[in-house]
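Numbering starts at 1 and runs along the sequence shown.
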Amino acid sequence: MIVSPTLPRSRQRLILAVLVLSSFLIWMDNTILGLAFQTLADPVRGLGATPAQLQWATGSYTLVFAALMFTAGALGDRFGHRTVLATGMATFAAASIWAAYVGDADQLIAARAVMGVGSALIMPATMAILTWTFTGPARATAIGISSASAGVGIAAGPLLAGVLLDHFWWGSVFLINVPAVLIGLVGIVTLIPGFRSPTPRPLDPAGLLLSISGLAALAYGLIRAGQVASWTPVDVWVPIVVGVVLLGAFVVVELRLREPSFDPRLLAERTFGGGNVAIGLLLFAMTAAGFYSAFYLQGARGFSPLEAGFASSPAALGAIVGGPLGIRLVRRWSLRPVTATALTVAALAMGCSAVFGLHTSLVWIEIVLLVQGLSIGIVMGSVTAALLSTLPLARAGAGSAVTNTVRQTGSVLGIAVGGTIMSIVYRRGIEGSVPDLPGEVQDRVRVSAEQARHVASAIGRQDLVRAADDAFIHAMHVGAVWTMFIALAGAAVLVIALRPKRAPIDTTAEQVDVLESAAL
């Protein structure tokens, strides 16, 4: 193993442990929040959050994460990656404490946005420090270990959230971040040298402003449609149009820069651009499906948080196994047939939720989740390695920024559109059960199935519980069908993007090692 000539091997390993902890926190936090949705929506045990507020609690984090990530890399070049990483960790911890003790859902949305700032600072700094610390095959191994932490975080999140929610109040799912951050900060200060790029990239304030305002306007319009159960009001379509225009302006501005933080030209390359679009569509479908799945297990099926965590774990475990399995399958049968088939299977697995009901056997649900997670793991790992391998190492940083931004954007749109479609279909389904209720009670019942169940319990209307469950299940079925088609569209894009080229890609042996390990 080739090690850095400037640091002893023992210190390299300790630095890697700190970086893995940083990455683990980000991925774990995302899955923890998903399992807490049902509790946060409860007006007694949680905050009584509406579907729109829960969409924003997720969307505000992801939106800020997506828009700030490429700017954070430039800040690391200018002020030092250790400084940026420590700032990101401290920001993440402070925002976690704020989120744990907020008084309402709107404050939670703001706290989650600040957590997104912390994550955006952490992610590029982590990769920069790892690249600087390790060289040669050692770097490939380190990237593989760091990437594996994402899968571990995804798997651990639901189980940890279930334990916390079963024994403590909902704020504990955020406070769990604080001890880990404190350990990480000690490691950052004592182990990681302060280094920065000799040629810092320029900051891009115009791009930052246009990207975050465009995504925010687009997400607002999409989520607002779910609140009013219509796509035609002015306060729905105007923000959507404004968001699209601002994002178009963002692309124009980046194209005119000599060194853009986000290089749209990379998306014009068939393999790199098409592959990223396919992964973006997959993330779009995944986040949408994850939004209603949390309510299905805990709300409609009545699982405890811990039971729901265990029930969700096959998907995460499948994703962990799918990453390395995908690399082996690609070596045997090539990238295109393996990943296009896996993405098709993942889409069909998402579509299976269209036949799930209130009494569907848990065994079948577990099998579907395992197949879905395994297929997604095969696609994500293999396609990520292939996309970056199409670029020379000199452009790997720019390509990574584009890839991560596209994925986070897909997640933002998935949670916005997915939650909105579910809200619209639910409200139409419950409408026939509310005419005999008082006006204020009608409004609460229309908000969500969680609110309807609480109202039904308070007024002794068991028939209203059944109506809310039926309306939710129908909304989930509709959501499952369209998420399946979104993922199938991603598979079609992948088939086109990965058509063999006439000339093979010239890739160095070290680059292959790094990229294959990144997919593990």
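- Rounding to the nearest 0.5 Å gives a distance of 9.5 Å between CG of Leu358 and CZ of Phe472.
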Report task. Go through Leu325 and Leu374 one step at a time and tell me if the side chain to side chain contact (heavy atoms under 4.5 Å, CB included) criterion holds. Result -> CA-CA 9 Å; Leu325 175 62; Leu374 188 66; 4.1 Å; yes

Query raised in the report: For Leu85 and Leu19, what are the C-alpha separation, side-chain angles and deciding distance, and is it a side chain to side chain contact (heavy atoms under 4.5 Å, CB included)?
Result: CA-CA 9 Å; Leu85 178 59; Leu19 300 180; 4.0 Å; yes

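- Rounding to the nearest 0.5 Å gives a distance of 12.0 Å between CD1 of Ile365 and CD of Gln372.
- If you take CG on Leu33 and CE on Met28, they are separated by 12.0 Å, rounding to the nearest 0.5 Å.
- Side-chain contact check for Val368 versus Met350: every heavy-atom pair is 4.5 Å or farther apart.
- When every heavy atom of Met380 is checked against every heavy atom of Arg407, the shortest pair comes out as CE-NH1, 3.8 Å.
- Between the CD atom in Glu254 and the OG atom in Ser211 there is a gap of 7.5 Å [rounded to 0.5 Å].
- With Arg499 contributing its side chain and Arg270 its backbone, the two residues share no donor-acceptor pair below 3.5 Å.
- Looking at Thr360 and Tyr296, their side chains come closer than 4.5 Å, going by heavy atoms from C-beta outward.
- Counting heavy atoms from C-beta outward, Leu210 and Leu247 have side chains that stay 4.5 Å or more apart.
- Here the side chains of Thr133 and Leu16 are not in contact, with every heavy-atom distance at 4.5 Å or above.
- Ring planes of Phe295 and Phe37: parallel class, angle under 30° (limits at 30 and 60°).
- Side-chain contact between Phe65 and Val412 is absent, with no heavy-atom pair separated by less than 4.5 Å.
- Between the Glu366 side chain and the Val363 main chain, no donor and acceptor come within less than 3.5 Å of each other.
- Distance alone, capped at 3.5 Å, places no donor-acceptor pair between the Arg336 side chain and the Ile496 backbone.
- Between Phe174 and Leu108, the closest side-chain pair of non-hydrogen atoms falls below 4.5 Å.
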Report task. Run the numbers on Ile212 and Leu63 for side chain to side chain contact (heavy atoms under 4.5 Å, CB included), then give the verdict. Result -> CA-CA 7 Å; Ile212 197 166; Leu63 188 154; 3.4 Å; yes

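- Between the side chain of Thr483 and the backbone N or O of Ala288, no donor-acceptor pair lies under 3.5 Å.
- Between Phe356 and Ser353, the closest side-chain pair of non-hydrogen atoms falls below 4.5 Å.
- Listed here is the closest heavy atom pair of Gly490 and Leu343: C-CD2, 3.4 Å.
- For the residue pair Tyr220 and Trp56, the shortest heavy atom distance occurs at CA-CZ2, 3.4 Å.
- Heavy-atom minimum distance, Ala497 versus Thr271: O-OG1, 3.3 Å.
- At a threshold of 4.5 Å between non-hydrogen side-chain atoms, the residues Tyr61 and Ile415 do not count as touching.
- Taking CE from Met422 and CE from Met476, the interatomic distance works out to 10.5 Å, rounded to the nearest 0.5 Å.
- Of all non-hydrogen atoms in Ala354 and Ala480, the two that sit nearest each other are N-CB, 3.5 Å.
- Atom-to-atom distance recorded for Phe310:CZ and Leu159:CG is 5.5 Å, nearest 0.5 angstrom.
- The backbone N or O of Ala308 sits less than 3.5 Å from a side-chain atom of Ser312, completing a donor-acceptor pair.
- In terms of heavy atoms, Ser411 sits closest to Thr62 at CB-CG2, 3.7 Å.
- Here the side chain of Arg112 pairs no donor or acceptor atom with the backbone of Ala99 at under 3.5 angstrom.
- In terms of modelled atom types and a separation under 3.5 Å, the side chain of Ser23 and the main chain of Val20 share no donor-acceptor contact.
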Query raised in the report: Given Phe284 and Thr409, is the side chain to side chain contact (heavy atoms under 4.5 Å, CB included) satisfied, shown in steps?
Result: CA-CA 8 Å; Phe284 187 110; Thr409 301; over 6 Å; no

